[in-house]
Amino acid sequence: ERKCQLSGLWRNEQDSLMEISAVRDNGDFQGKYLTRVTLTGGCAHTSPLKGAQQQPTDGVWPTFAFTVRWDKFSNATTAFTGQCFVDSGGKETLTTMWLLREAVGSLEEDWKATRVGRNVFTRK
Ligand SMILES: CC(=O)N1C(=O)N[C@@H]2[C@H](CCCCC(=O)O)SC[C@@H]21
């Protein structure tokens, strides 16, 4: 099978789950992100995600990006970008960095509206 096609179920260090549907021929995909982490201590929800990945060619591991719209939590949005790597044993790892943009009430608060972080996903 083609390694590093993003479709399937992934888990990250926070034990959150990401389910990605079939990746189309042009690399587009969509899916759901079930986070276990809430900033407000509320319950976890599933949020929609959409993205695109480069098609894997021999020896070049594909890069990708996707956005998660945290619509059940707040008006925040996260943009993830990363690459898929396969180790010698065939284990796939997605290493990502993300920008989380919270909706703030005024331009004066814009300076504090974006967080950045890293997230690593492996097959669930
Ligand atoms: C209040 C709010 O918007 N959110 C909240 O309380 N939890 C989600 C996200 C948590 C994702 C980071 C951890 C993971 O990978 O699951 S940050 C934005 C959204």
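All ligand and atom numbering here is 1-based and tracks the order in the structure.
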Per-atom contacts, ligand 1 versus [X] - under 4.0 Å to a heavy atom:
X: Asn119; value: 15 (O)
X: Ser74; value: 2 (C), 3 (O)
X: Gln14; value: 15 (O)
X: Thr38; value: 5 (C), 6 (O), 7 (N)

I'd like to know if the side chain of Arg36 reaches the main chain of Asp15, judged simply by a donor and an acceptor atom lying under 3.5 Å from each other, with no hydrogens or angles considered. yes
Look at the side chain of Lys72 and the backbone N and O of Thr46, then say whether any donor-acceptor pair between them is shorter than 3.5 Å. yes
Protein contact of [atom] - nearest heavy atom, named by residue and atom, plus distance:
atom: atom 2 (C) of ligand 1; result: Phe73 CB, 3.5 Å
atom: atom 6 (O) of ligand 1; result: Leu39 N, 2.6 Å
atom: atom 8 (C) of ligand 1; result: Trp70 CE3, 3.7 Å
atom: atom 15 (O) of ligand 1; result: Tyr33 OH, 2.6 Å

Have a look at Thr40, Leu100, Thr35 and point out the one with the heavy atom closest to atom 12 (C) of ligand 1. Thr35
Would you say Arg24 and Gln30 are linked by a side-chain donor-acceptor pair, where the criterion is simply a distance under 3.5 Å? yes
For the residue pair Thr78 and Trp70, confirm or rule out a side-chain donor-acceptor distance under 3.5 Å. yes
Could you state the interatomic distance from OG (Ser16) to CH2 (Trp10), rounded to the nearest 0.5 Å? 15.5 Å
To the nearest 0.5 Å, tell me how far Phe64 CZ sits from Phe80 CZ. 9.5 Å
Heavy atom under 4.0 Å from ligand 1: found in Thr78's side chain, backbone, both, or neither? neither
Residue among Val23, Asp25, Asn26 satisfying side-chain contact (heavy atoms from CB on, under 4.5 Å) with Gln55: Val23
